[in-house]
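To start, the structure itself, in structure tokens.
We use all heavy atoms of the structure for the numbers below, so side chains are in, but hydrogens, waters and symmetry mates are not. Order of the sequence lines fixes the chain letters, A, B, ..., with proteins taken first and strands second; residue numbering starts at 1 for each chain.
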Amino acid sequence: MFEQKLAAKTCEAVFKLYGKEILPDSVGLEKTKKEIEGDYTIVVFPFVKISRKAPEITAAEIGEYLSINLSEVKSYKVIKGFLNLTLTDRCWLSLLESRRNPEFGFSPLRKELPVVLEYSSPNTNKPLHLGHIRNNLLGFSLAAILRANGHHVIKVNLVNDRGIHICKSMLAYMKLGNNETPVSSGLKGDHLIGKYYVLFNDLQKAEVADLKAKGLTAEEAEKQSPVMLEAQEILRKWESRDAETIELWRRMNSWVYEGFEQTYKNLGVDFDRIYYESETYLLGKELVSEGLEHGIFTKRSDGSIWADLRDEGLDEKLLLRSDGTSVYMTQDLGTAQLRFNDFHPSSMIYVVGNEQNYHFDVLKRVLVKLRKSYSSHIFHLSYGMVELPEGKMKSREGTVVDADDLMEEMITTAESTTRELGKVNDFSDEEATDLFRTIGLGALKYFILKVDPKKNMLFDPVESIDFNGNTGPFIQYTYARIRSLRSRAGEAGYHLAGTAVDENLTINAREKEVMRVIAQFPLVVKQAGLEMSPALIANYVYELAREYNQFYQEVPVLKEPDTSKIYLRLAISEMAGNIIKSSMSLLGIEVPDRM
RNA sequence: GGUCCGGUAGCUCAGCUGGAUAGAGCAGCAGCCUUCUAAGCUGCUGGCCGCGCGUUCGAAUCGCGCCCGGAUCACCA
């Protein structure tokens, strides 16, 4: 809040005192360390060269200037090269004027081109797992953060609904399905299809073992196994629009979508637009042949088409197979173009795991070769893998944590813990069920989002269901406390609406600590947007909750004899509560009124 | 081998656009509920910030070299 003002005035001071212009960004302004008297600290070492005076003297001169020319500065104290400024209580109290503004810290929506943000991007042959959860949470949160920074965000999902892997589960279903449906089996659609994908692999494994016994290598055996050949036949039928094949494909996919929809709903994520690879790959093919015509790509004797990136330090990259079918890159070229056609976005963000860094590097370079203006608008938000304590979180190795199971377990744990604590004795069943969901999902989401996206993270199931300390439920609890305090205040006859805070009050250390954290919120939102990091919001809201709890524990609110102070503390509480709620909403986490 | 990312307390993570004695949580130990919700609060224990050199008044933070871990470099997606 006051940072910009202080920085600007410091520049003015340096210019007036020493005759040199400096940029506000170059002012080293930070929160004063806790043990030291002061609110904000300016590091003056960088100005010593300009002032040609000792650090202490420089700091004192700037401090003097600021305290005379800025009414907000109450006093200053110099320690070595550090100028510690204390702001007036009135200045801090003015912060509370924004306590009822639900948009505090957010920027209004700007009239500009939209940002297209892709996340989730599932395969239709297997249910969502822990890795997808990180992806979905990051994508959803990022959309909220960018929106809070004034961007018009369009959330899109790209469903990978075609290709050989889909044909595999189709084949297994044709062989072993007996017309089983989600209804007849009692399985969620995506789990049902996942089951057949696994069955295909079992069939293939058996055949591969036989072939290897006959002397084939593993690779040959895989390619020549009868089920694999059958699956490829299905793919060819699909591409030639064979009615029966398409019909089965449609039916099986529709089951999967029902399942996904449920998982997304449970997770609390949504999309403005869903793209299907089956609808975009043809456009990709067009782009490739266009590039071939213009001599940008090359065709080999076997008919395959390649982009040559060797002069850029990379290799050659396949764009179209020799049999004319498309690869991953073909499809992504198509979707990028389609997205550009649909929205003309100022940027296209892809939330995709870091194992695809190379892919996106190539995608951008190929688009540059095609002279697509939007190539520079593509941004890959690359996030790290989720690892499990035993080993890696890879779908092939079997140690998969299913998204639905995980959410279920978190909610169940929330329920038992909450019941043990006797928190819901006076709740209706419906209220209680809502609360268990809120807490269980809050724990899960916070646990995942508090880690810097670009880092690999460890998902320890035991730690994730801990509700104490740096966790989602801790923050939710702080919010519930504040709400409780508010309703008690109402019962005691204190009317918050329309009651102004006495601006002549003096504030104590605990009160100021909370307000210092509150004051940072707008900058944190901005920073999280620039760095595209929900973790910054998560770490901030934890600090706020911790600070508020200290205040709550040490400072009486309703038992304070001085009524004007009661109103002050209620105002601080209200503002802290609103910011907790805002922050959590940026993470896609709900907060309960009671818990 | 090339490229990219990481290495901070027993564990999980902040801090990294250089600044004061490196911060949290968990785990461990000791306390605080007849007072606004104890999913809370207080205190203690615990660190050659991977290693070395350099830049600087000042380096966990920047640069170079090395060591360790991960990802990636498919006619898979």
Out of B:A77, B:C75, B:A71, whichever nucleotide has its closest atom nearest the side chain of A:Glu277: B:A77
Regarding B:A39, can its base be found pairing with the side chain of A:Thr418 as donor and acceptor, where the two atoms are less than 3.5 Å apart? yes
Would you indicate what A:Thr41 reaches in the nucleic acid, counting non-hydrogen atoms under 4.0 angstrom: base, sugar-phosphate, or nothing? base
From the list B:A14, B:G19, B:G25, which nucleotide is the closest neighbour of the side chain of A:Val43? B:G19
Under a 3.5 Å limit for both distances, which nucleotide forms a Watson-Crick or G-U wobble pair with B:U12, could you say? B:A24
Pairwise C1' distance, B:C26 and B:C66 [rounded to whole Å]: 34 Å
With heavy atoms under 4.0 Å as the rule, sort A:Gln356 into base, sugar-phosphate or nothing. base
May I ask you to decide if the ring planes of A:Phe45 and A:Phe82 are parallel, tilted or perpendicular, using 30° and 60° as cut-offs? perpendicular
Given the structure, check if the side chain of A:Asp466 and the base of B:A39 hold any donor-acceptor pair shorter than 3.5 Å. no
Rounded off to whole Å, could you give me the CG-to-P distance for the A:Leu444 and B:A39 pair? 22 Å
On RNA chain B, does the nearest nucleotide to A:Val555 precede the nearest nucleotide to A:Ile79 from the 5' side, or the other way round? Give the residue. A:Ile79
Check every atom of B:G25, B:U21, B:A39 against the side chain of A:Asn470 and return the nucleotide holding the closest atom. B:G25
Now, which nucleotide makes the Watson-Crick or G-U wobble pair with B:C32, with each of the two distances under 3.5 Å? B:G40
Under 4.0 Å from OP1 or OP2 of B:G40: is there any side-chain N or O of A:Asn468 that close? yes
Name the nucleic acid region contacted by A:Val352, choosing base, sugar-phosphate or nothing; use a 4.0 angstrom heavy-atom cut-off, strictly under. nothing
Taking any heavy-atom pair under 4.0 Å as a contact, classify A:Gln476: base, sugar-phosphate, or nothing. nothing
Just N and O in the side chain of A:Lys455: are any of them under 4.0 Å from OP1 or OP2 of B:A14? yes
A:Phe45-B:G58 aromatic stacking (under 5.5 Å, under 30°): no
Earlier contact from the 5' end, RNA chain B, for A:Lys223 and A:Tyr552: A:Tyr552
Between B:U17 and B:G2, how far apart are the P atoms? Round to whole Å, please. 28 Å
A:Arg546 side-chain N/O to B:C41 phosphate OP1/OP2 under 4.0 Å: no
Would you indicate which nucleotide in B:C13, B:A14, B:C36 comes nearest to any side-chain atom of A:Leu458? B:C13
Check whether A:Thr418 reaches the backbone of A:Ala414 with its side chain - one donor and one acceptor, N or O, closer than 3.5 Å. yes
Aromatic rings A:His359 and A:Tyr328: how do their planes relate, parallel, tilted or perpendicular, breaks at 30° and 60°? parallel
Looking at A:Glu3, A:Glu513, A:Glu543, which hits salt bridge (Lys or Arg N to Asp or Glu O under 4.0 Å) with A:Lys31? A:Glu543
Could a donor-acceptor pair under 3.5 angstrom be found where the side chain of A:Lys423 meets the base of B:U37? yes
For A:Asp323, report the nucleic acid contact type (base, sugar-phosphate, nothing); a contact means any heavy atom under 4.0 Å. nothing
Base, sugar-phosphate or nothing for A:Val451? Non-hydrogen atoms, less than 4.0 Å. sugar-phosphate
Any donor-acceptor pair under 3.5 Å joining the side chain of A:Ser484 to the base of B:C36? no
Nearest heavy atoms of A:Ser583 and A:Ile537, plus distance in Å: O-CG2, 3.5 Å
Taking A:Asp39's backbone N and O only, do any of them form a donor-acceptor pair with A:Arg516's side chain (distance below 3.5 Å, no angle check)? yes
Using both distances under 3.5 Å as the test, list the Watson-Crick or G-U wobble partner of B:A71, or none. B:U3
Between B:G58 and B:C62, how far apart are the two C1' atoms, rounded to whole Å? 13 Å
Note: A:Ile378 and A:Leu363 closest approach over all heavy atoms is CD1-CD2, 4.3 Å
Pick base, sugar-phosphate or nothing for A:Met457, based on heavy-atom distances below 4.0 Å to the nucleic acid. sugar-phosphate
Flag side-chain contact, heavy atom, 4.5 Å: A:Tyr119 against A:Leu138: no
Does a side-chain N or O of A:Tyr477 approach OP1 or OP2 of B:A39 to a distance below 4.0 Å, or not? yes
Output the single nucleotide from B:A39, B:A71, B:G6 whose closest atom is nearest the side chain of A:Met385. B:A71
Can you find a side chain N or O atom of A:Arg483 that sits less than 4.0 Å from OP1 or OP2 on B:U37? no
Options B:G19, B:C41, B:A77, nucleotide nearest the side-chain atoms of A:Gln553: B:C41
Could you please name the option among B:G15, B:C36, B:C75 that lies closest to any side-chain atom of A:Leu318? B:C75
Measuring only the P atom in each nucleotide, how far is B:U45 from B:A30? A whole number of Å is fine. 15 Å
A:Tyr358 near the nucleic acid: base, sugar-phosphate alone, or nothing, with a heavy-atom cut-off under 4.0 Å? sugar-phosphate
For B:G19, what is the paired nucleotide under Watson-Crick or G-U wobble rules, both distances under 3.5 Å? B:C57
Determine the Euclidean distance between corresponding C1' atoms of B:A59 and B:G15; express it in Å to zero decimal places. 14 Å
Using a cut-off of 4.0 Å on non-hydrogen atoms, how would the nucleic acid contact of A:Asp460 be classed: base, sugar-phosphate, or nothing? nothing
Looking only at the side chains, is there a donor atom on one of A:Glu531 and A:Gln527 sitting less than 3.5 Å from an acceptor on the other? yes
Is the distance between the ring centroids of A:Tyr548 and A:Phe551 under 6.0 Å? yes
Looking for any heavy atom pair under 4.0 Å, which part of the strands does A:Asn125 touch: base, sugar-phosphate only, or nothing? nothing
Contact class for A:Pro46 vs. all strands (heavy atom < 4.0 Å): base, sugar-phosphate, or nothing? base
What does A:Leu320 touch in the nucleic acid at a heavy-atom separation under 4.0 angstrom: a base, only the sugar-phosphate, or nothing? nothing
Give A:Val557 one of three labels, base, sugar-phosphate or nothing, depending on what nucleic acid heavy atoms sit under 4.0 Å from its own. base
A:Lys559 near the nucleic acid: base, sugar-phosphate alone, or nothing, with a heavy-atom cut-off under 4.0 Å? base
How far does the P atom of B:U8 sit from the matching atom of B:U12, given to the nearest Å? 8 Å
Evaluate whether the aromatic ring of A:Phe474 and the six-membered ring of the B:G40 base sit under 5.5 Å apart, centre to centre, with an inclination under 30°. no
B:C51 -> Watson-Crick or G-U wobble partner, both distances under 3.5 Å, gives B:G65
Using the C1' atom in both, what is the distance from B:U3 to B:C49, to the nearest Å? 27 Å
It should be established whether A:Arg510 places a side-chain nitrogen or oxygen under 4.0 Å from OP1 or OP2 of nucleotide B:U42. no
Nearest-angstrom distance, C1' atom, B:C67 to B:G50: 7 Å
